[in-house]
J.: 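Structure below; questions to follow.
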Amino acid sequence: SVTCDVAGSGICLVVREPLSRGTQVQLAQRLPDRARPLLATGEVMWCESHRMIGRTEQRQLTKAGVRFLHLDPHDHEAILQYVTSHLHSS
């Protein structure tokens, strides 16, 4: 999966296959400038598919919003620092 957005409470991912609301998932996502991935358990809160139309092709893009259920406090702090640093640099 590819991360679209991250916040202290959850993450938005581009996924290969649609996920059902309420599904629990194991996450291992990397933040820039951090060697160790964030490890978390999350719950799918929503999942939406969109058709993307480009110049030469069309494809389906599916995004899922996942709420963190279990996240190490150090990983949570790393997310908050990342989000805060990007808010100030925008």
J.: Which residues pass the ring pair (Phe, Tyr, Trp, His ring centres under 6.0 Å) test with Y82, not counting sequence neighbours?
T.: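 Y82: ring pair (Phe, Tyr, Trp, His ring centres under 6.0 Å) contacts with H86.
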
J.: Looking at every non-hydrogen atom in both residues, tell me the closest pair between F68 and A7 and how far apart they are.
T.: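 That closest heavy-atom pairing would be CE1-O, 3.5 Å.
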
J.: Heavy-atom count around H74 NE2 within 6.0 Å, excluding the residue itself: above 12?
T.: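 It does not: H74 NE2 has 12 such atoms or fewer within range.
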
J.: To the nearest 0.5 Å, tell me how far L61 CG sits from R51 CZ.
T.: 13.0 Å

J.: So do T41 and Q26 actually touch side chain to side chain, heavy atoms under 4.5 Å?
T.: yes

J.: Which residues pass the salt bridge (charged side-chain N to carboxylate O under 4.0 Å, His left out) test with R30, sequence neighbours left out?
T.: none

J.: Got a salt bridge between D75 and R34, using NZ or NE/NH1/NH2 to carboxylate O under 4.0 Å?
T.: yes

J.: For E17, is the CD atom crowded, meaning more than 12 foreign heavy atoms sit under 6.0 Å from it?
T.: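 At most 12 heavy atoms, drawn from other residues, nucleotides or ligands, come within 6.0 Å of this atom.
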
J.: Which heavy atom in P18 sits nearest to a heavy atom in S49, and how many Å separate them?
T.: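 Here P18 and S49 meet closest at CG-OG, 4.4 Å.
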
J.: Rounded to the nearest 0.5 Å, what separates atom CZ in R36 from atom CG in L31?
T.: 10.0 Å

J.: Can you name the nearest heavy-atom pair linking E43 to G22, along with the distance?
T.: OE2-CA, 3.7 Å

J.: Going by side chain to side chain contact (heavy atoms under 4.5 Å, CB included), L19 matches just one of V44, L13, T62. Which one?
T.: V44

J.: Verify the cluster assignment for V25 and V6: are they in a single hydrophobic cluster under the rule of side-chain heavy atoms below 4.5 Å apart?
T.: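 As far as the 4.5 Å side-chain criterion goes, V6 and V25 are connected within one cluster.
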
J.: Can you tell me how far the CG atom of L38 sits from the NE2 atom of H76, to the nearest 0.5 Å?
T.: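 Between L38 CG and H76 NE2, I get 10.5 Å after rounding to 0.5 Å.
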
J.: Show the nearest heavy-atom pair for residues G8 and L80, with the distance to one decimal.
T.: CA-CD2, 3.8 Å

J.: For residues I11 and T3, determine if any side-chain heavy atom of one lies less than 4.5 Å from a side-chain heavy atom of the other.
T.: yes

J.: Please assess Q60 against H50 for the test side chain to side chain contact (heavy atoms under 4.5 Å, CB included), listing each intermediate value before the final yes or no.
T.: CA-CA 6 Å; Q60 196 77 9; H50 305 277; 5.9 Å; no

J.: Are M45 and L71 connected in the hydrophobic side-chain network, where two residues link if heavy atoms are under 4.5 Å apart?
T.: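 No; L71 is not reachable from M45 via cluster members.
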
